[in-house]
Amino acid sequence: MSTLHWGITDATGESMVIEYVDGSIRLYRGRDLTVLTNDPALPQMNAINDYWKNIGGVNMLPGTVRSADRFVRASFFINHVPKDFEYDKAIGLVSSIMGTVSVPLGYELPGEPNVSSTQWRSISDATGGKYYFKFTESTGDFWIDLGRLRMNAGAPILKFNTALHPRATGCVNDMLEKTPGFTPMW
């Protein structure tokens, strides 16, 4: 079983975090769920973040590669940057924050199996209907424009095969291929 957290946000900005802890699924919902890292569980993560809010991040933020430190840094930056950017700059802003909290490629921390290199970053624009993706090893970003796809019942299932297009940049809608549906492993 995965120990990761899953986050889902709709076009209104309402988010849900799903986590699997000690054999149980826990759900959290709200507009304030803007940052997510792998561990610990969300209540503990929020307690750590509250501690750092009292210290104040202008003078000092935690700087390790552990999830809790990365959560605190992301939370501080997302709440201390302008909110009135135009679209392209807003995507760049979120991408730059994600870069400041990513674990460098190839970095390992002995004895800490939950700390590993960031392999990719993604940004989902629920209102604009675009999904941005960047592999850490790539020099460029690519995206899928969901507004240009048929999303109705009976529409073909499409996928972007990154193995065939490892250096893709820009909109990749024209590279999507028909595929059978997803088959769960269980």
Side-chain angles (χ1 to χ4, degrees), residues 1-83 90-128 130-137 141 143-144 146 162 182-186:
M1 287 290 176
S2 175
T3 57
L4 302 176
H5 297 96
W6 295 277
I8 303 167
T9 303
D10 67 18
T12 70
E14 184 81 14
S15 294
M16 178 173 279
V17 170
I18 305 164
E19 60 183 16
Y20 187 80
V21 178
D22 298 325
S24 299
I25 293 178
R26 296 181 184 170
L27 304 174
Y28 306 91
R29 183 175 160 188
R31 291 182 177 277
D32 61 334
L33 302 172
T34 57
V35 175
L36 189 61
T37 56
N38 294 345
D39 64 333
L42 193 59
Q44 289 90 346
M45 191 70 70
N46 285 329
I48 293 166
N49 196 41
D50 288 343
Y51 166 83
W52 280 97
K53 282 180 185 175
N54 289 330
I55 291 175
V58 174
N59 296 313
M60 180 175 60
L61 287 170
T64 76
V65 294
R66 289 184 170 82
S67 287
D69 286 3
R70 294 184 297 112
F71 184 98
V72 168
R73 287 196 311 274
S75 180
F76 175 80
F77 287 125
I78 203 72
N79 288 301
H80 290 86
V81 294
K83 304 285 191 254
I91 295 297
L93 175 130
V94 172
S95 182
S96 70
I97 291 172
M98 292 172 74
T100 67
V101 300
S102 295
V103 178
L105 188 62
Y107 183 80
E108 293 181 18
L109 189 57
E112 294 284 341
N114 290 338
V115 175
S116 62
S117 299
T118 299
Q119 298 174 31
W120 70 83
R121 298 189 303 251
S122 63
I123 300 171
S124 179
D125 173 7
T127 55
K130 292 183 180 170
Y131 188 80
Y132 296 88
F133 201 87
K134 178 173 181 31
F135 284 109
T136 306
E137 297 173 343
D141 298 4
W143 65 88
I144 296 172
L146 300 173
T162 57
F182 175 74
T183 304
M185 293 188 298
W186 62 87

* Which heavy atom in Val35 sits nearest to a heavy atom in Ala74, and how many Å separate them? -> CG1-CB, 3.7 Å
* Starting at CG of Leu109, measure out to OG of Ser116 and round the result to the nearest 0.5 Å. => 10.5 Å
* Kindly determine whether Lys53 and Ile55 satisfy side-chain contact (heavy atoms from CB on, under 4.5 Å), including the steps that lead there. => CA-CA 5 Å; Lys53 282 180 185 175; Ile55 291 175; over 6 Å; no
* If you look at every heavy atom in Glu19 and Leu42, which pair is closest and at what distance? -> OE1-N, 3.0 Å
* Asked: Do side-chain atoms of Arg121 reach the backbone of Thr136 as a donor and acceptor pair under 3.5 angstrom?
  -> no
* Does Glu137 CD have over 12 foreign heavy atoms under 6.0 Å away? -> no
* Does a donor on one side chain and an acceptor on the other come within less than 3.5 Å for Thr127 and Asp125? -> yes
* To do: For residues Pro104 and Ser117, report the shortest heavy-atom separation together with the two atoms involved.
  => O-OG, 3.0 Å
* Asked: Would you say the side-chain atoms of Ser95 pair up with the backbone N or O of Ile91, donor to acceptor, closer than 3.5 Å?
  -> no
* To do: Please say whether more than 12 non-hydrogen atoms of neighbouring residues, nucleotides or ligands are located less than 6.0 Å from CD in Gln119.
  => no
* So does Glu112 have more than 12 non-hydrogen atoms from other groups sitting under 6.0 Å from CD? -> yes
* To do: Would you name the heavy atoms of Ala68 and Ile48 that are closest together and state the gap between them?
  => CB-CD1, 3.8 Å
* Donor-acceptor pair, side chain of Arg70 and main chain of Val65, under 3.5 angstrom -> yes
* Structure fact -> dist Phe76:CZ -> Ile97:CD1 (nearest 0.5 Å) comes out at 10.5 Å
* Look only at the side chain of Arg31 and the backbone of Thr12, and say whether a donor-acceptor pair between them is shorter than 3.5 Å. => yes
* Asked: side-chain contact (heavy atoms from CB on, under 4.5 Å) between Met16 and Leu33: does it pass, once the steps are laid out?
  -> CA-CA 7 Å; Met16 178 173 279; Leu33 302 172; 5.9 Å; no
* To do: Hey, could you give me the OH/CG distance between Tyr28 and Leu36, rounded to the nearest 0.5 Å?
  => 11.5 Å
* For Ile25, does the CD1 atom have more than 12 heavy-atom neighbours from other residues, nucleotides or ligands under 6.0 Å away? -> no
* Asked: What is the distance from atom CG of Asn79 to atom CG of Asn49, rounded to the nearest 0.5 Å?
  -> 8.5 Å
* Structure fact -> Here the pair of heavy atoms bringing Leu93 nearest to Ser96 is O-OG, 2.8 Å
* Rounded to the nearest 0.5 Å, what's the gap from CZ on Arg66 to CG on Asn38? Could you check? => 14.0 Å
* Asked: Taking atom NE2 of His80 and atom CG of Leu61, what is their separation to the nearest 0.5 Å?
  -> 9.0 Å
* Qualifying residue for side-chain hydrogen bond (donor to acceptor under 3.5 Å, both in side chains) with Ser122, from Tyr132, Trp143, Tyr131 -> Tyr131
* What are the two closest non-hydrogen atoms of Met60 and Trp52, and how far apart are they? -> O-CZ3, 3.9 Å
